[in-house]
Amino acid sequence: MNRVRLIALDMDGTLLASDHWTVPQRNMDAIRCADASGIRVCICTGRMLEDASDFMKRLNLPAMIIACNGTRASDGPLPEGKIILRRELAPEDAKKALDILLPYRMMINGFEDGQVNTVAFAPGQRYHLTDRGVVKAAYGEKAMYEAAERGIMKFYVAEDGYAGVQSSPRVEEAREAIKRALPHLQVSSSAPGNIEIMPPDANKGTALCQVAKRLGLAREQVMAVGDAPNDLSMLEYAYHSVAMKNACDEVKAVCRYETESNDNCGVAAIIERVLEAQNRQQTD
């Protein structure tokens, strides 16, 4: 661990407590200590870039950001941060995905820069960022197809309208239908009951590789920490792969290390181990 120069951190289930909002103080202190010691930190999330930026700005945390599962990356929080990576679904792929998904009558969110487009089938279903005023919102099938023509970076689909904690036959059927019809797209999830659809080769791992190369770092100098299936690509890329104690079995199976749970400051615990290893090396 004494060679780590870049640490990639997932947000939900990893950096954040289980309320999906709180960043424990110990985690924040550890990130600041890593940055002060010359280790770059990169938030690597399925959330929108505007959402992750809002967290980093509000908490004054120094970090690069990979957002929307690798379709956007910036060298710091918006609006000051510069976009260093941008990918989006081809219009024909986005429209075909919509044709497949709409009959399942689940909430569909299509993300653009600064805007969430939503098709909802239950009263009151809205994407949480619009309630916080972080991005603009557009609703309905017409708005979604227009967004598909402009370029959607990621679809987020959930039967319950939010986190998709519980899967269902309808979710699984829709997921398999997308995979069969559009096998070249990246299809993942951050919880059992949601579906995330991205452009070809757009995932956390490919984006993290690009960020590392931009910093002049090899994968042996990269650590990644996560808990869910959409973290697998970055955990497989990073030489120092870390599973949260609350991670799914699939994640734990590919990781070299395990840390404490998100509610027990697992992020801080692993960063502290890295800093201790580097301090020992300097004193030897």
Side-chain angles (χ1 to χ4, degrees), residues 1-47 51-67 74-77 81 163 190-191 204-205 208 211-212 215 217 219-228 230-232 234-249 251-252 254-283:
M1 288 188 182
N2 56 18
R3 296 186 61 194
V4 172
R5 307 309 300 164
L6 172 64
I7 300 177
L9 302 173
D10 172 52
M11 287 184 68
D12 293 278
T14 301
L15 176 64
L16 304 183
S18 294
D19 62 3
H20 299 284
W21 178 255
T22 304
V23 180
Q25 184 64 49
R26 185 181 167 197
N27 285 354
M28 292 192 283
D29 292 343
I31 289 172
R32 295 185 182 114
C33 286
D35 181 72
S37 71
I39 299 173
R40 300 297 299 270
V41 175
C42 182
I43 300 304
C44 203
T45 179
R47 293 186 182 223
D51 191 6
S53 293
D54 181 58
F55 272 89
M56 297 304 104
K57 292 281 285 187
R58 177 169 52 84
L59 301 173
N60 192 29
L61 291 176
M64 303 177 75
I65 300 172
I66 291 171
S74 66
D75 61 6
S190 56
K204 292 185 179 185
L208 182 58
V211 168
L215 296 173
L217 301 175
R219 64 181 292 265
E220 289 78 13
Q221 296 172 288
V222 180
M223 172 176 281
V225 189
D227 72 302
N230 68 346
D231 297 319
L232 285 168
M234 73 170 182
L235 294 167
E236 290 166 347
Y237 163 74
Y239 182 83
H240 303 277
S241 51
V242 185
M244 304 297 292
K245 183 169 285 187
N246 52 284
C248 66
D249 291 340
V251 164
K252 290 182 178 181
V254 304
C255 288
R256 290 176 179 268
Y257 309 103
E258 183 173 319
T259 187
E260 295 295 328
S261 71
N262 61 319
D263 289 324
N264 199 28
C265 299
V267 161
I270 197 65
I271 292 177
E272 289 161 5
R273 285 177 62 185
V274 170
L275 295 174
E276 288 169 4
Q278 297 193 357
N279 288 336
R280 284 197 302 269
Q281 184 187 40
Q282 291 170 3
T283 57

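Panel note: side chain N262, backbone L15; no donor-acceptor pair is recorded below 3.5 Å. Using a distance-only test at 3.5 Å, with no hydrogens or angles considered, a donor-acceptor pair links the side chain of D19 to the main chain of W21. Side-chain N or O atoms of Q278 include one that pairs as donor or acceptor with a backbone N or O of V4 at under 3.5 Å. Judged by distance alone, the side chain of H20 and the main-chain N or O of D12 form no donor-acceptor pair under 3.5 Å. The backbone N or O of G81 sits nowhere less than 3.5 Å from a side-chain atom of D75 that would complete a donor-acceptor pair.
Considering all non-hydrogen atoms of both residues, M234 and C44 come closest at SD-SG, 3.6 Å. When all heavy atoms of A34 and S37 are compared, the closest pair comes out as O-OG, 2.8 Å. Residues G38 and R5 come closest through the heavy atom pair O-NH2, 3.1 Å. Of all the heavy atoms in L275 and C33, the pair that sits closest is CD1-CB, 3.8 Å. Here the closest non-hydrogen pair linking F55 and R47 is CE1-NH1, 3.4 Å. Contact record, K57 with P77: CG-CB, 3.7 Å, taken as the closest heavy-atom pair.
By the 4.0 Å N-to-carboxylate-O rule, D227 lies too far from K245 to be salt-bridged with it.
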Query raised in the report: How far apart are the C-alpha atoms of R32 and D35, what are their side-chain angles, what is the distance that settles it, and do they pass the side-chain contact (heavy atoms from CB on, under 4.5 Å) test?
Result: CA-CA 5 Å; R32 295 185 182 114; D35 181 72; 5.7 Å; no
Query raised in the report: What do the steps show when you test S241 against R256 for side-chain contact (heavy atoms from CB on, under 4.5 Å), and what is the final call?
Result: CA-CA 5 Å; S241 51; R256 290 176 179 268; 3.8 Å; yes
Report task. Could you go through the side-chain contact (heavy atoms from CB on, under 4.5 Å) check for I270 and M223 one step at a time? Result -> CA-CA 10 Å; I270 197 65; M223 172 176 281; 3.9 Å; yes
Query raised in the report: Taking it one step at a time, do L16 and D10 satisfy side-chain contact (heavy atoms from CB on, under 4.5 Å)?
Result: CA-CA 9 Å; L16 304 183; D10 172 52; over 6 Å; no
Under 3.5 Å, sequence neighbours excluded: what are the donor-acceptor pairs made by side chains of residues 58-66?
none

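Put simply, the side chain of I31 reaches to within 4.5 Å of the side chain of L9, judged on heavy atoms. T14 places a side-chain heavy atom less than 4.5 Å from the side chain of V267.
For the atom pair CD1 (I271) and CD (E276), the distance works out to 12.0 Å, reported to the nearest 0.5 Å. Between the CE atom of M11 and the CD1 atom of I43 there is a distance of 6.5 Å, given to the nearest 0.5 Å. Q221 CD to I7 CD1: the interatomic distance, rounded to the nearest 0.5 Å, is 12.5 Å. The structure places CG of L208 at 12.5 Å from CD of E236, a figure rounded to the nearest 0.5 Å. Distance CE/M28 to OG1/T22: 9.0 Å, rounded to 0.5 Å. Within the model, atoms NE2 of H240 and SG of C255 stand 13.0 Å from one another, a figure rounded to the nearest 0.5 Å.
Summarising the local packing, OH of Y239 is surrounded by 12 or fewer heavy atoms from other residues, nucleotides or ligands at distances under 6.0 Å.
Using modelled atom types and a 3.5 Å distance limit, the side chains of S18 and D263 yield a donor-acceptor pair.
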